[in-house]
Amino acid sequence: MSVDKKAIVTPNSWASLRRYTDARIGLGRSGVSQPTEPQLEFQQAHARARDAVHIPLDIDQLEQQLSEQGLESLRLHSQATDRAVYLQRPDKGRRLDAQSGALLKQIHERHGEKDATIVIADGLSSTAVQRHAAVVAAAIDRELDAEGLSRTPVCIVQQGRVAVGDEVGELLGSRMVILLVGERPGLSSPDSLGIYYTWNPRVGLTDAYRNCISNIRTAGISAEDATGRLMWLVRESRKRRLSGVALKDESGEADALEGTGRGNFLLD
Amino acid sequence: MSYQFDIGSTRYRFNDLKTLMARATPLRSGDCLAGIAAENATERVAAQRCLADLPLSSFLNEALIPYEQDEVTRLIIDSHDPEAFTAVAHLTVGEFRDWLLSDHANSQTLKALAPGLTPEMVAAVSKIMRVQDLILVAQKIEVVTAFRDTLGLKGRFSTRLQPNHPTDDPAGVAASVLDGLLYANGDAVIGINPATDNYHAVTRLMHLLDDVIQRYEIPTQSCVLTHVTTHLEAINRGAPVDLVFQSIAGTQAANESFGINLSILDQAHRAALELGRGTVGQNVMYFETGQGSALSANAHHGVDQQTCEARAYAVARRFDPLLVNTVVGFIGPEYLYDGKQIIRAGLEDHFCGKLLGLPMGCDICYTNHAEADQDDMDMLLTQLGVAGINFIMGIPGSDDIMLNYQTTSFHDALYLRQVLNKPPAPEFESWLETMGVFDAGGVLAGGEKLPAPFAHIQSQL
């Protein structure tokens with residue numbers, strides 16, 4: 001006698017709570033294991049994320065997007081010649097190639113020092129940079145302008161990691177560097193952008209000297225919220241002449257975060 | 001001091017002890033990146049044979065990172081217990097492997113030996129051990145810790161419920177917490193990685209988790225995985241802190257790159273102890289580690305990444321932690337290239353930590369830019385289960401939507417419980433039965449309907 005199909009998989013009545021989160025809750029179970037449907041959905045998402053890591057940044061399109069936002073930009077390249085080198089040699093992704101270094105020195109000599117430089121690095125998700133970087137850069141640039149701070153052109157670094165911003169800032173003689181980078185893609189978030197902020201950037205700084213605002217994407221932290229947090233860091237760091245762990249992010253109240261507004265229903 | 005070993009007509013030379021250790025390490029991308037890996041398979045085995053002949057006591061005479069330059073080395077040397085070391089002081093590294101595998105090594109003798117071992121000794125012996133050796137020896141060791149429940153008892157394992165959310169939204173976090181509890185996860189800790197280090201956001205999460213634990217009287221502890229200095233500030237301002245978290249590494253310079261040192265950790269440890277929030281124990285620290293962190297901070301001193309990792313356990317050991325979690329596959333393919341390297345590293349870390357007396361757990365995980373998948377994680381999960389891991393992660397459907405990586409799911413923990421017949425911590429197991437999540441036989445009950453104590457949530461669904 002065959003088993004009724006309905007009796008094989010145990011569904012979870014609380015699956016509807018997925019309206020509060022993208023997390024894979026309420027999947028149900030076959031025995032104690034994940035049922036076939038969510039199991040294959042996971043495999044599909046993993047396949048897409050794997051493919052996404054290797055799609056190159058369309059730099060022409062990015063320059064076009066920046067230009068539409070009224071931002072001038074420069075093309076730079078790290079010492080990582082291609083994606084394969086980038087993945088295995090982070091040291092090369094943290095430094096500029098010779099040509100890029102020479103270009104920045106020229107610009108420095110010609111235009112002198114500026115307050116701030118926005119750097120855009122492809123990092124591990126060209127999708128994130130393509131989708132969000134131009135809009136976020138423009139929002140930041142407007143705020144910097146409103147503070148009366150001078151800016152260099154936006155520097156786009158191909159095959160770049162976070163620390164490459166330090167070299168860009170040092171060569172340009174900028175007092176602060178704001179680096180936008182594609183974060184490692186997740187299954188549900190292949191397009192997450194991060195911002196790293198450094199006061200007095202120079203080659204050799206560690207993460208302890210940087211402040212990070214992570215997870216900027218449509219379903220994460222908005223460009224406006226991220227810019228607000230960043231500008232708090234910028235203002236504080238100018239006062240205190242430092243960045244990193246010594247500069248705690250105390251901007252606003254926690255309520256400023258976006259959310260469902262529902263609160264912790266477990267306490268109802 | 002230099003070392004050498006002949007294979008056929010070739011003489012392999014190693015300039016110093018750290019070079020010998022690096023060349024003897026099973027292949028991994030991070031050591032290649034650092035330029036310290038063996039040139040080829042024969043050089044690697046020459047180094048392993050040379051290392052096997054080395055007296056264990058050599059590591060007390062030749063520091064891999066100079067005593068004067070590094071506070072972790074000073075901690076290792078100054079806290080070494082020569083009395084405890086006596087049992088194996090006469091052995092070489094190779095003979096130590098034999099001793100560990102023999103009946104001389106059992107739960108009691110290994111516990112007594114732990115203070116006599118240095119991280120370098122356990123790293124050295126692990127380099128000449130196979131996967132089954134790493135499992136067999138670790139399986140003999142029991143490391144028990146406690147706060148509101150008792151973790152690490154033989155025949156059991158626990159899970160960290162990790163309800164991460166990209167914006168720390170309270171309802172989103174609560175949904176994952178509920179899912180995890182109903183899948184019987186969370187006895188090691190309900191531990192969330194906050195999306196930002198914003199002080200207000202962090203303390204709001206501390207209150208959220210604490211409120212849930214108190215409301216449902218869950219015998220577990222909460223932790224918000226923020227920087228240790230943020231914990232100190234939270235404690236000073238009266239926020240509910242159960243466990244103090246910090247990422248740690250095996251060199252002073254790497255710890256400085258995290259913005260910490262031993263003195264800051266000491267201060268936080270004392271502050272958390274003073275709160276006295278534990279009910280069945282007072283292990284108040286939660287540390288995370290991972291091979292490659294010292295190299296990633298350019299702070300490895302030419303020491304291989306597995307030995308650096310073992311040195312981080314000396315830092316952890318000083319503070320009697322409740323939980324030590326090696327986040328093995330998070331760091332990426334430049335340090336652990338593929339499933340094979342991740343699996344071996346996870347087993348090495350668990351073995352080394354346990355041998356040094358630590359309550360080891362493992363974040364069995366990988367990123368989307370590594371050559372690894374769910375099958376690799378299933379292998380490591382099963383092997384660590386057999387090896388007697390204290391705890392693993394539990395998240396909804398293996399997908400961390402905030403940190404963007406894959407770790408073990410709530411279901412994975414239940415799989416391991418079923419195939420190895422290992423229940424959770426006893427206090428938590430009783431709670432699950434009281435709440436109707438488990439039936440009287442310790443089996444997951446139903447799932448279609450919410451158990452009675454959660455029935456008030458029904459109107460939300």
Side-chain angles (χ1 to χ4, degrees), chain A residues 10-14 16-17 20-29 32-34 38 42 45-46 49-50 53 87-90 124 183-189 192 206-208 213-215 219-221 229 244-245 248-254 257-260 262-268, chain B residues 29 33 165-172 174-179 182 195-201 204 208 211-212 215 227 229-230 256-259 296-297 333-334 367-369 373 395-402 404-406 409 411 414-415 418 444 446-450 456-457 460-461:
Chain A
T10 306
N12 296 143
S13 61
W14 60 90
S16 57
L17 293 174
Y20 295 138
T21 178
D22 288 335
R24 292 167 195 253
I25 61 166
L27 297 183
R29 58 191 179 90
V32 298
S33 303
Q34 285 185 30
F42 178 99
H46 182 233
R50 292 278 293 142
V53 169
L87 287 174
Q88 291 167 68
R89 292 294 301 270
L124 278 170
E183 300 188 311
R184 76 170 57 159
L187 297 188
S188 313
S189 54
S192 178
T206 63
D207 284 344
I213 300 162
S214 185
N215 201 43
I221 290 172
R229 284 159 186 266
V245 293
K248 289 267 172 272
D249 176 6
E250 297 188 18
S251 57
E253 291 300 315
L257 281 171
E258 287 179 21
T260 59
R262 175 58 190 83
N264 180 4
F265 56 83
L266 291 174
L267 300 179
D268 288 354
Chain B
S29 49
L33 174 64
H165 188 277
T167 59
D168 297 335
D169 177 68
S176 287
V177 169
L178 178 69
D179 196 51
L182 295 178
T196 75
D197 271 341
N198 178 288
Y199 178 79
H200 301 286
R204 187 175 64 171
L208 188 160
D211 288 346
V212 172
R215 163 75 180 261
H227 196 265
T229 52
T230 308
E256 280 166 1
S257 84
F258 292 152
S296 146
E334 60 272 36
T367 60
N368 287 319
H369 61 313
D373 60 21
I395 64 168
S398 284
D399 176 9
D400 190 311
I401 58 172
M402 201 279 282
N404 295 337
Y405 77 123
Q406 285 88 251
S409 66
H411 293 75
L414 291 170
Y415 146 78
Q418 181 163 326
L444 200 63
E448 290 209 50
K449 288 200 176 119
L450 292 169
H456 63 98
I457 299 162
Q460 298 292 317
L461 306 181

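Chain identifiers are assigned alphabetically (A, B, ...) following the order of the sequence lines, protein sequences preceding nucleic acid strands; residue numbering begins at 1 within each chain. The basis for the numbers below is simple: all heavy atoms, side chains too, and nothing from hydrogens, waters or symmetry mates.
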Looking at A:Ala45, A:Ser192, A:Ser33, A:Gly244, which one has more heavy-atom pairs under 4.5 Å with chain B than the rest? A:Ser33
Quick check on A:Leu267 against chain B: is it the side chain, the backbone, both or neither that has a heavy atom closer than 4.5 Å? both
Under 4.5 Å between any side-chain heavy atoms of A:Leu87 and A:Leu124, yes or no? yes
For the student: nearest non-hydrogen atoms of A:Leu187 and A:Arg24, plus distance: CB-NH2, 3.8 Å
Tell me, side chain or backbone of A:Asp268 under 4.5 Å from chain B's heavy atoms, or both, or neither? both
Looking only at heavy atoms and a cut-off of under 4.5 Å, which of B:Ala175, B:Gly259, B:Ser296 has the most pairs with chain A? B:Ala175
Give, as side chain, backbone, both or neither, the part of B:Leu461 having an atom under 4.5 angstrom from any heavy atom of chain A. both
Kindly indicate, with the supporting measurements, whether the criterion side chain to side chain contact (heavy atoms under 4.5 Å, CB included) is fulfilled by A:Ile221 and B:Thr196. CA-CA 10 Å; A:Ile221 290 172; B:Thr196 75; 4.2 Å; yes
Report the option among B:Ser398, B:Ala171, B:Gly172 that has the most heavy-atom pairs separated by less than 4.5 Å from atoms of chain A. B:Ala171
What's the shortest heavy-atom distance between A:Glu183 and A:Ser214, and which atoms? OE2-OG, 2.8 Å
Examine whether an atom of A:Ser13 lies under 4.5 Å from a heavy atom of chain B, and if so say whether it belongs to the side chain, the backbone or both; otherwise answer neither. both
Closest approach of A:Arg262 and A:Tyr20, non-hydrogen atoms and distance? CG-OH, 3.2 Å
Less than 4.5 Å apart, any side-chain heavy atom of B:Pro170 and any of B:Arg204? yes
Looking at A:Ile25, A:Val245, A:Val53, which makes the most heavy-atom pairs under 4.5 Å with chain B? A:Ile25
Which region of A:Val32, side chain (C-beta onward) or backbone (N, CA, C, O), has a non-hydrogen atom less than 4.5 Å from a non-hydrogen atom of chain B, or is it both or neither? both
Which atoms of B:Glu256 come close to chain A, meaning under 4.5 Å heavy atom to heavy atom: side chain ones, backbone ones, both, or neither? backbone
Answer with side chain, backbone, both or neither: which region of A:Pro38 has an atom nearer than 4.5 Å to a non-hydrogen atom of chain B? neither
Under 4.5 Å from a heavy atom of chain A, the part of B:His165 involved: side chain
B:Ser176 versus chain A, the contacting section by heavy-atom distance below 4.5 Å: both
Does a side chain donor of either B:Gln406 or B:Asp373 reach within less than 3.5 Å of an acceptor in the other side chain? no
Which atoms of A:Phe265 approach chain B - backbone, side chain, both or neither, heavy atom under 4.5 Å: both
Indicate yes or no: at least one non-hydrogen side-chain atom of A:Trp14 is less than 4.5 angstrom from one of B:Ile457. no
Under a 4.5 Å cutoff for heavy-atom pairs, which residue among A:Arg50, A:Gln88, A:Arg89 has the most contacts with chain B? A:Arg50
Turns out that what part of B:Gln460 lies under 4.5 Å from chain A's heavy atoms comes down to both
Shorter than 4.5 Å, heavy atoms on both sides: which option in A:Asn12, A:Thr206, A:Thr10 has the most such pairs with chain B? A:Asn12
Could you pull out the closest heavy-atom pair between B:Asn368 and A:Pro185, with the gap in Å? ND2-O, 2.6 Å
Can you say whether A:Thr21 sits under 4.5 Å from chain B via the side chain, the backbone, both, or neither, judging by heavy atoms? both
Please confirm whether the backbone N or O of A:Gly220 pairs with a side-chain atom of A:Asn215, one donor and one acceptor, at under 3.5 Å? no
Exercise: identify the closest heavy-atom pair between B:His456 and A:Leu266: CE1-O, 3.5 Å
Quick check for you: among B:Leu414, B:Val177, B:Ile401, which has the greatest number of heavy-atom pairs under 4.5 Å with chain A? B:Ile401
Under 4.5 Å from any heavy atom of chain A - which part of B:Ser409: side chain
Can a donor-acceptor pair be found, under 3.5 Å and without considering hydrogens, that links the side chain of A:Asn264 to the backbone of B:Ala174? no
